[in-house]
There are 2 protein chains.
Amino acid sequence: MPFAEYQHCLCFNLRRATRAITQYYDHALAGSGLRATQLPILARLAPGPMTMSDLAAWLGMDRTTLVRNLRPLEEANYVASAPRARGRQLELSLTEEGAALLRKAYPLWKEAQTSLTRSLGDARWAALIADLATAGETISAGRN
Amino acid sequence: MPFAEYQHCLCFNLRRATRAITQYYDHALAGSGLRATQLPILARLAPGPMTMSDLAAWLGMDRTTLVRNLRPLEEANYVASAPRARGRQLELSLTEEGAALLRKAYPLWKEAQTSLTRSLGDARWAALIADLATAGETISAGRN
DNA sequence: TCAATGAAAGTGCATATGCACACTTAACCG
DNA sequence: CGGTTAAGTGTGCATATGCACTTTCATTGA
């Protein structure tokens, strides 16, 4: 009976850890009105506008997922979208409210980030993230 | 301007990697009719029945999330639920169809697992998963 | 010029996730 | 015996995720 082997599923173990850590950041950010999943979107737009497709590629998520994830951010006026000259491209930009929210969330995020970093130490976290990136590149290379 | 710091958010990097790896397993399992998220549920029930709460705790997910995740599995008759004598407890068990599906999915899962394992090697994956478990325990300990 | 092509964005569907809250019932207690 | 408490489960809401398919529009080519 090979069922015990499923317990070592890398996908499952990763998802379980990600659930726990996402909750941790969500609780830390609770007072800010931002979720852990929304913060990277705003942060990536802070240096300057981007198109929808480029932002989705950078975030490593399906383009159509980003369409929905942006909706509450646009309704709250944290992100603005405007058509660009070329083709149907949309230019997404951070509004002043969005920038203000990022500044407000920063200490909450920083506290969670620092505290979680301490659990393993900088070096091991860096290695872990680098390893995950390596694995991610390996499997996307396999699609070519 | 501290916005560049957000790029190193552990939560974001974990979530991005998890998205990629979940897709990888989902594609590998495509022919089986099972998703990467459903496989651990069936696998955990294979050795014997469990209650809803115990299963949710083992999976490390919110109990109410499990209620929904079980719905398609019950409708497809892979999992059966029956009330138990004590309290309102529900006893969840794998049906014969569920067990058959697990057997069918095994080679597909095994191929994905083996292939992904090769990307870093056994040792580094084991260390990575162990580190994530350590971090997870640290942050849940902080809630007491 | 106009049809074909291709790029960019959006929709419908199904599942995944967790919080706040409600419901049900067994056990416990006066 | 009746009221309270605690445990176990389910619902409503909002967001997260990706696939198949559609829509829109600029560019390319005959």
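The analysis underlying the following values was restricted to heavy atoms, covering all of them including side chains, and did not include hydrogens, waters or symmetry mates. Chain identifiers are assigned alphabetically (A, B, ...) following the order of the sequence lines, protein sequences preceding nucleic acid strands; residue numbering begins at 1 within each chain.
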query = Thr37(A) near the nucleic acid: base, sugar-phosphate alone, or nothing, with a heavy-atom cut-off under 4.0 Å?
reply = sugar-phosphate

Which of dA9(C), dG10(D), dC19(C) is nearest the side chain of Leu90(B)? It is dG10(D)

Residues 119-129 of chain B vs salt bridge (Lys or Arg N to Asp or Glu O under 4.0 Å), sequence neighbours excluded, gives Asp131(A)-Arg124(B)

- Task: Answer whether the closest heavy-atom distance between the side chains of Ser140(A) and Tyr24(B) falls below 4.5 Å.
- Result: no

Testing dC19(C), dT15(D), dG10(C) for proximity to the side chain of Gln38(A), the answer is dT15(D)

In whole angstroms, the gap separating C1' of dA16(D) from OH of Tyr25(A) amounts to 18 Å

Q) Is any NZ, NE, NH1 or NH2 atom of the basic residue among Arg103(B) and Glu96(B) found under 4.0 Å from an Asp or Glu carboxylate oxygen of the other? A) yes

Whole-Å distance, Arg68(A) CZ to dA9(C) C1', equals 11 Å

| said: Within the 4.0 Å heavy-atom criterion, would you say Arg35(A) contacts the bases, only the backbone, or no part of the nucleic acid? | reply: sugar-phosphate

Ranking dG10(D), dG18(D), dG10(C) by distance to the side chain of Arg63(A), first place goes to dG10(C)

Side-chain atoms of Thr64(A) come closest, of dT11(D), dC19(D), dT9(D), to dC19(D)

note: Tyr24(A), atom OH; dG18(C), atom P; distance rounded to Å ~ 17 Å

Ordered by number, residues from residues 53-62 of chain A within less than 4.0 Å of DNA chain D (heavy atoms) are Met61(A), Asp62(A)

Any donor-acceptor N or O pair under 3.5 Å, side chains Tyr25(A), Gln113(A)
yes

Considering every strand and a 4.0 Å limit on heavy-atom distances, what is the contact class for Arg15(B): base, sugar-phosphate, or nothing?
sugar-phosphate

### Message
Students often get this wrong, so: under 4.0 angstrom with heavy atoms, is Arg71(A) touching a base, only sugar-phosphate, or nothing?
### Response
sugar-phosphate

Whole-Å distance, Leu66(B) CG to dG18(C) C1', equals 13 Å

Evaluate the ring planes of Phe12(B) and Trp58(A), with Trp represented by its six-membered ring, and classify them as parallel (under 30°), tilted (30 to 60°) or perpendicular (over 60°). parallel

Closest to the side chain of His27(B), out of dT17(C), dT17(D), dC19(D), is dC19(D)

Shortest non-hydrogen pair, Ser53(A) vs Arg63(A), comes out as OG-CD, 3.6 Å

Arg19(B) atom CZ is separated from dA16(C) atom P, nearest whole Å, by 17 Å

Pair Tyr106(A), Glu5(B): side-chain N/O donor-acceptor within cut-off below 3.5 Å: yes

When rounded to whole Å, the CG to P distance for the pair Asn69(B) and dG18(C) reads 9 Å

Those residues at least two apart in sequence (or on a different chain) that pass side chain to side chain donor-acceptor pair (under 3.5 Å) with Gln7(A) are none

Of the candidates dT17(D), dC19(D), dT17(C), the side chain of Thr65(A) sits closest to dT17(D)

Here the distance between atom P of dT17(D) and atom CG of Asp26(B), to the nearest Å, is 14 Å

Leu14(A) atom CG is separated from dT17(D) atom P, nearest whole Å, by 14 Å

